[in-house]
Amino acid sequence: MKAVRLFGHKDVRVVENMEIPKPKGDEVLLKIGGAGVCHSDLHIIDDNLLPISDFTLGHENAGWIEEVGPDVKGYKKGDAVLVYGPWGCGHCKPCQHSQENYCDHQSENPLGGGLGLNGGMAEYMLVPSSRLLVPIHDLDPVIAAPLTDAALTPYSAIKRSLNKLMPDEFVVVIGVGGLGHTALQILKAISSTTIIACDITAEKLNFAKELGATYTVNSTDPDATEQIQKITGIKKAKVVLDFVGINSTIALGTKIVSLDGDLTLVGLGGGRYDYTMMELPFGVSMTNPYWGSRTELMEVVGLARQKKIHIEVERFQLDEANEVYDKLRQGKIRGRAVLVP
């Protein structure tokens, strides 16, 4: 089979002669319908985020069951499913609560099995357990694949602050990329808070307006903080969702978040924040959530089936993987790129 594999620093190749695996026990062989291309892939490819090489990329995966192991129950060939990405041990307390993204054994595999080791940028993918599958019913796997991260991650982050997303408050979304553009739709679907979107191009800011942002601000403007505070007034933003995570966006978030607000850092931009008393408003919760739970992914599928969220998708072939990564580096992907075998 054909697969997109990483062999080392910036060494991505399309391999033609991979063997199609045979499922055993509770394993499931998936015929891939679509594999999302995520910005976090670039941290693995360009920044050596994973200390391993020679593995198949792709952690946003959807397709149809091709074959099941003898211990699999409840699934059959042809079922359309998503693959839940952060694979935990399956046995510890967080895993039993469907939060494999916070598995007690994460230190042994800090990014989870779904973020690389056996990815879905291939014609087939071996999933180690049927518990990691989520049915998508009538959804197209190509459209549904990015739900596993580009929708699940912002959905889980937003749910943390749901009690603060009231009609008289403001939420700021920094970064209108793969995750940020979905976050805008989720906020419109499950809250009535006034949304302010920030990005660095007019195209992205116009896109944010299309998706429901009431206000937009270019975060590179010298007076971006003042523009946002003019909108929010003295109360500032009760929730700030940073989908970039570089020094400048973190600094912006600390200036616009309100007393007792939530500053949620989702982006893996590698930024730093040096805490100083009196600089961060009192009562602020600064968190760095990771992905989301499997039950939350089921809720995300529900939103998609109700047509309350729709991920903008650009389709490419597996052979175009390197070109897609170059486009991603240059910020030329609108929404999410999906590789289709």
Side-chain angles (χ1 to χ4, degrees), residues 23 25-38 40-41 55-66 68-69 71-75 79-106 108-122 124-137 139-159 178-179 182 186 266 289-305 309 311 336 338:
D26 190 42
E27 295 175 341
V28 176
L29 181 67
L30 203 65
K31 182 177 174 61
I32 292 294
V37 183
C38 179
S40 61
D41 294 347
F55 63 88
T56 301
L57 289 159
H59 61 273
E60 292 185 339
N61 307 304
W64 304 271
I65 292 176
E66 178 70 13
V68 298
D71 298 334
V72 173
K73 294 179 175 59
Y75 290 103
D79 286 347
V81 294
L82 293 176
V83 181
Y84 175 64
W87 304 344
C89 70
H91 306 293
C92 68
K93 186 175 180 180
C95 286
Q96 290 296 301
H97 280 277
S98 185
Q99 294 180 306
E100 299 201 26
N101 48 320
Y102 299 124
C103 174
D104 285 341
H105 299 277
Q106 191 181 92
E108 300 167 7
N109 186 14
L111 292 178
L115 194 60
L117 307 180
N118 184 33
M121 289 184 183
Y124 295 91
M125 177 185 184
L126 186 67
V127 182
S129 174
S130 60
R131 79 172 191 280
L132 301 168
L133 302 178
V134 172
I136 57 175
H137 309 286
L139 295 178
D140 177 357
V142 176
I143 302 298
L147 295 175
T148 59
D149 185 1
L152 174 58
T153 296
Y155 179 76
S156 184
I158 289 166
K159 274 188 66 176
L179 274 66
T182 314
I186 294 168
V266 183
Y290 177 62
W291 229 326
S293 70
R294 195 171 72 92
T295 51
E296 286 173 331
L297 181 55
M298 295 175 183
E299 294 165 9
V300 164
V301 169
L303 285 174
R305 295 188 71 203
I309 58 172
I311 297 179
R336 206 54 146 188
V338 174

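Of the possible donor and acceptor atoms, one in the side chain of T153 sits under 3.5 Å from a partner among the backbone N and O of D149. In terms of modelled atom types and a separation under 3.5 Å, the side chain of Y75 and the main chain of L133 share a donor-acceptor contact. Of the possible donor and acceptor atoms, one in the side chain of E296 sits under 3.5 Å from a partner among the backbone N and O of S293. A distance-only check finds a donor-acceptor pair linking the side chain of D41 to the backbone of C38 [under 3.5 Å].
Between the CD1 atom of I311 and the CD1 atom of I143 there is a distance of 9.0 Å, given to the nearest 0.5 Å. In this structure, NE2 in H97 is found 10.0 Å from SG in C92, a value given to the nearest 0.5 Å. Separating the CG atom in L297 from the CG atom in L132 is a distance of 11.0 Å, to the nearest 0.5 Å. Between the OG1 atom of T182 and the CG atom of L303 there is a distance of 11.0 Å, given to the nearest 0.5 Å.
Looking at V134 and V83, their side chains never come closer than 4.5 Å, going by heavy atoms from C-beta outward. Residues H105 and H91 are not in side-chain contact: their nearest non-hydrogen atoms beyond the backbone lie 4.5 Å or more apart. Contact annotation: the side chain of V28 never approaches that of P23 to less than 4.5 Å [non-hydrogen atoms, C-beta and beyond]. Looking at heavy atoms from C-beta onward, P135 lies out of side-chain contact with D79 at the 4.5 angstrom threshold. A heavy-atom distance below 4.5 Å is found between the side chains of I136 and P141. Put simply, the side chain of P94 does not reach to within 4.5 Å of the side chain of C103, judged on heavy atoms. The closest side-chain heavy-atom distance from R336 to V37 is not below 4.5 Å. Counting heavy atoms from C-beta on, the side chains of V81 and L30 come closer than 4.5 Å.
Closest heavy-atom contact between V338 and G34: CG1-CA, 3.8 Å. The two atoms that bring P146 and V142 nearest to each other are CD-O, 3.7 Å, heavy atoms only. V266 approaches A157 most closely through the heavy-atom pair CG2-CB, 4.1 Å. Scanning all heavy atoms of the two residues, the minimum distance from G36 to A145 falls at N-CB, 4.3 Å. Between P86 and Y290 the shortest heavy-atom distance is CB-CE2, 4.4 Å. Between C89 and R131, the shortest heavy-atom distance links the atoms C-NH2, 3.9 Å.
E60 and T148 share no donor-acceptor pair across their side chains, judged by distance under 3.5 Å alone.
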Discussion item. Walk me through whether R294 and Q99 qualify under side-chain contact (heavy atoms from CB on, under 4.5 Å).
Written reply: CA-CA 7 Å; R294 195 171 72 92; Q99 294 180 306; over 6 Å; no

Worksheet item: Given the rule in the side-chain contact (heavy atoms from CB on, under 4.5 Å) test, do N61 and M121 qualify, once you have shown the distances and angles that lead to the verdict?
Response: CA-CA 8 Å; N61 307 304; M121 289 184 183; 5.6 Å; no

Practice prompt. Please assess L82 against L139 for the test side-chain contact (heavy atoms from CB on, under 4.5 Å), listing each intermediate value before the final yes or no.
Written response: CA-CA 10 Å; L82 293 176; L139 295 178; over 6 Å; no

Discussion item. Go through it in stages, so that I can follow the logic: the residues are Y84 and N101, the test is side-chain contact (heavy atoms from CB on, under 4.5 Å), and I'd like the CA-CA distance, side-chain angles, deciding distance and then a yes or no.
Written reply: CA-CA 10 Å; Y84 175 64; N101 48 320; 3.5 Å; yes

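In this structure E66 satisfies the side-chain contact (heavy atoms from CB on, under 4.5 Å) test together with L29, K31, K77, Y124, sequence neighbours excluded. The side chain to side chain donor-acceptor pair (under 3.5 Å) search around E27 returns none, not counting sequence neighbours.
Less than 6.0 angstrom separates the ring centroid of W291 from the ring centroid of H59.
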